[in-house]
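Written out below as C-alpha cells is the structure these notes cover.
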Amino acid sequence: MKTIKSLLLISSFLVMCVTLNAQEKIQSPEHNEIMASLIKNEAYEMNWFAFRDTVKIEIGKVFTTISKTKNTLKVTTTVKMKDKPDWVDETIAELPELKPVRHTSVNTQRDITLNFGKQTTGFYLDKTGNKKTEINENTDGDFFDSNLYPQLIRWLPLKENYKTEITIFDYNPMTKAGIMKANITNTTKGIYMNKSVWIVTVTDGISQNKVINTYYIDSETNQFLKQEIDMGTRKMTLEKAY
C-alpha cells in the first residue's frame with residue numbers, strides 16, 4: 001500500500017514538473033525568459049529586397065530605433081520606399097515586464113492607434129475608403145504588442161533546438177481585437193557573412209502561421225543580420241546595412 005502511495009506521489013510530482021516546464025515555454029509579460037541585460041538603446045538600418053523569379057530587387061529601407069528610460073521602452077520602425085510616404089510604426093511598453101502601453105501605425109492605406117489596458121481603445125482609419133472605426137475591446141489578458149515581438153526573439157536565451165510561444169495582440173479590422181500566438185518553431189547555430197549566428201524560424205497567428213520568418217541573429221552582438229520572409233510564391237529579405 002505504501003508502495004502504491006509512493007508511486008502516486010512520484011507520478012503527481014512528475015506531472016507537476018511537466019506542467020511547470022510547459023508554462024515556462026509560453027512567453028508573456030507576467031512570465032517570460034527575456035534577458036533584460038540584452039535590451040539596449042540602439043539604431044540600425046536594414047535593406048529590404050523582393051525576389052522576382054531569381055532576380056533580387058531592392059524595394060526599400062527599414063530604420064529601427066530602440067530607446068529606453070527607467071520605466072519605458074520605445075521601438076520605432078520607419079519604412080522608406082522610393083516615391084512613397086514613410087510607413088511608421090511605434091510601440092511603447094512598460095519596463096521591466098514589457099507590458100504594452102501604446103501602439104501607433106501610419107501608412108498610405110490606413111492609420112491605427114491602440115491604447116492598451118483591460119479595455120484596448122483607439123481607432124482604425126481606412127484611408128482607401130475614408131472609413132474610421134472606433135476601437136473599444138475587452139483585452140484583459142497577458143500579451144505583448146505584436147509590433148514588439150520580433151525584437152523579443154533576440155532577447156530570449158537562444159540555444160540549439162530552442163522553441164517557445166509568445167502571446168501577442170494584433171488588431172485586425174475584419175476580426176476586431178485578437179490575442180494570438182507567435183511561435184518559435186526551431187533554433188539552430190549557423191554561419192552568415194562569416195559570423196556565428198542563431199537561425200530562428202518563426203510563424204504567427206497574424207498570417208495564420210502561413211508566412212515563415214527566418215531571423216539570422218549575431219550570437220555575439222545579438223544584432224539582426226538578416227530576415228527571410230517566405231510567403232509561398234513570394235519571398236523577401238531584410239539585410240543589415242553597413
Side-chain angles (χ1 to χ4, degrees), residues 21 24-29 31-51 56 58-80 89-99 144-168 181-204 211-230 235-242:
N21 186 60
E24 288 176 358
K25 288 300 180 181
I26 299 177
Q27 314 294 329
S28 69
H31 186 88
N32 61 68
E33 301 171 300
I34 293 168
M35 303 169 68
S37 62
L38 298 178
I39 305 174
K40 299 175 181 178
N41 291 322
E42 189 177 356
Y44 62 91
E45 175 186 346
M46 306 285 279
N47 295 320
W48 184 13
F49 300 93
F51 290 88
K56 183 178 177 182
E58 183 171 343
I59 58 176
K61 295 182 182 295
V62 182
F63 298 84
T64 301
T65 60
I66 299 174
S67 57
K68 56 183 290 191
T69 65
K70 182 179 179 181
N71 300 314
T72 62
L73 178 78
K74 181 167 72 173
V75 179
T76 305
T77 303
T78 304
V79 178
K80 292 182 177 290
D89 279 86
E90 183 177 276
T91 188
I92 298 174
E94 293 178 358
L95 287 172
E97 296 89 358
L98 295 176
K99 186 176 181 179
F144 298 106
D145 180 9
S146 63
N147 193 49
L148 182 62
Y149 100 76
Q151 299 294 336
L152 298 180
I153 295 167
R154 61 193 183 115
W155 299 334
L156 291 168
L158 300 175
K159 59 184 178 181
E160 287 280 0
N161 302 313
Y162 181 82
K163 299 176 183 179
T164 192
E165 293 181 339
I166 304 170
T167 306
I168 61 174
K181 297 284 178 63
N183 307 284
I184 294 181
T185 58
N186 197 27
T187 304
T188 58
K189 198 72 176 287
I191 299 293
Y192 173 72
M193 299 291 288
N194 297 319
K195 295 181 179 181
S196 174
V197 295
W198 292 115
I199 303 172
V200 186
T201 306
V202 184
T203 63
D204 59 49
V211 176
I212 301 172
N213 287 278
T214 304
Y215 296 89
Y216 293 72
I217 301 170
D218 191 314
S219 61
E220 292 186 7
T221 65
N222 205 48
Q223 294 181 333
F224 283 129
L225 300 183
K226 183 181 180 182
Q227 177 185 352
E228 296 174 342
I229 305 168
D230 186 344
K235 300 184 189 303
M236 297 185 291
T237 65
L238 295 166
E239 300 174 10
K240 184 174 174 61
Y242 293 94

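The first residue of the sequence shown is numbered 1, and numbering continues consecutively from there.
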### Task
Take Gln151 and Thr64 through the test side chain to side chain contact (heavy atoms under 4.5 Å, CB included) and record every step on the way to the result.
CA-CA 10 Å; Gln151 299 294 336; Thr64 301; 3.8 Å; yes
### Query
About how many Å separate CD1 of Ile153 and CD1 of Ile166, when rounded to the nearest 0.5 Å?
5.5 Å
### Message
Are the side chains of Ile212 and Thr185 in contact, using a 4.5 Å heavy-atom criterion?
### Response
no
### Query
So do the side chains of Leu158 and Tyr215 get within less than 4.5 Å of each other, counting heavy atoms only?
no
### Summary
Across all chains, not counting sequence neighbours, the side chain to side chain contact (heavy atoms under 4.5 Å, CB included) partners of Ala93 are Leu98, Leu148
### Task
Using the test salt bridge (Lys or Arg N to Asp or Glu O under 4.0 Å), find all partners of Lys235 that sit at least two apart in sequence or belong to another chain.
Asp230
#### Entry: Derivation of the side chain to side chain contact (heavy atoms under 4.5 Å, CB included) call for Asn213 and Gln227
CA-CA 7 Å; Asn213 287 278; Gln227 177 185 352; 2.9 Å; yes
### Summary
In this structure, CG of Leu95 is separated from CG of Leu73 (nearest 0.5 Å) by 5.5 Å
### Polar side-chain atom of Thr77 near backbone of Asp89 as donor-acceptor pair, under 3.5 Å
no
### Task
Heavy atoms only: give me the nearest Thr167-Ile26 pair and the separation to one decimal.
OG1-CG2, 3.7 Å
### Task
Mind checking the CD1-CG spacing from Ile34 to Leu156? Nearest 0.5 Å is all I need.
6.0 Å
### Message
Which heavy atom of Val211 sits nearest to which heavy atom of Thr203, and what is that distance?
### Response
O-CG2, 3.7 Å
## Note on the structure
Ser196 meets the side chain to side chain donor-acceptor pair (under 3.5 Å) criterion, sequence neighbours left out, with Ser219
### Message
Under the rule for ring pair (Phe, Tyr, Trp, His ring centres under 6.0 Å), what residues qualify as partners of Phe49, not counting sequence neighbours?
### Response
none
### Query
Taking only residues two or more places apart in sequence or in another chain, which ones pass side chain to side chain donor-acceptor pair (under 3.5 Å) with Ser28?
Asp142
### Task
Would you indicate whether the side-chain heavy atoms of Trp155 and Met35 approach each other to under 4.5 Å?
no
### Message
Suppose the criterion is salt bridge (charged side-chain N to carboxylate O under 4.0 Å, His left out): which pairs have a residue in residues 61-75, not counting sequence neighbours?
### Response
Glu45-Lys61, Glu58-Lys61
### Query
Looking at side-chain heavy atoms only, is the closest gap between Leu238 and Asn47 below 4.5 Å?
no
### Task
Applying side chain to side chain contact (heavy atoms under 4.5 Å, CB included), name anything that partners Lys240, two or more places apart in sequence or on another chain.
Tyr44, Met46, Gln223, Leu225, Tyr242
### Task
Go through the structure and list residues passing side chain to side chain donor-acceptor pair (under 3.5 Å) with Lys163, not counting sequence neighbours.
none
#### Entry: Rounded distance [0.5 Å steps], CH2 in Trp198 versus OG1 in Thr188
8.5 Å
### Message
Applying side chain to side chain contact (heavy atoms under 4.5 Å, CB included), can you list everything that pairs with Glu228, at least two apart in sequence or on another chain?
### Response
Thr214, Tyr216, Lys226, Thr237
### Set of side chain to side chain contact (heavy atoms under 4.5 Å, CB included) partners for Met236, sequence neighbours left out
Trp48, Ala50, Ile59, Ile229, Met231
### Task
Check side chain to side chain donor-acceptor pair (under 3.5 Å) between Lys181 and all other residues, then give those that pass, not counting sequence neighbours.
Glu165
### Task
Begin from the C-alpha positions of Tyr149 and Val202 and carry the test side chain to side chain contact (heavy atoms under 4.5 Å, CB included) through to its verdict.
CA-CA 11 Å; Tyr149 100 76; Val202 184; 3.9 Å; yes
### Query
Any sub-3.5 Å donor-acceptor pair from Asp145's side-chain atoms to Asn147's backbone N or O?
yes
### Contact list for residues 149-161, test salt bridge (charged side-chain N to carboxylate O under 4.0 Å, His left out), sequence neighbours left out
Glu42-Arg154
#### Entry: CA sep, side-chain torsions, deciding dist, call: Leu152, Gln27, side chain to side chain contact (heavy atoms under 4.5 Å, CB included)
CA-CA 9 Å; Leu152 298 180; Gln27 314 294 329; over 6 Å; no
### Task
Output the distance between atom CG (Asn41) and atom CD1 (Ile66), rounded to the nearest 0.5 Å.
8.5 Å
### Query
Of all heavy-atom pairs between Val197 and Ile191, which one has the smallest distance, and what is that distance?
CG2-N, 4.0 Å
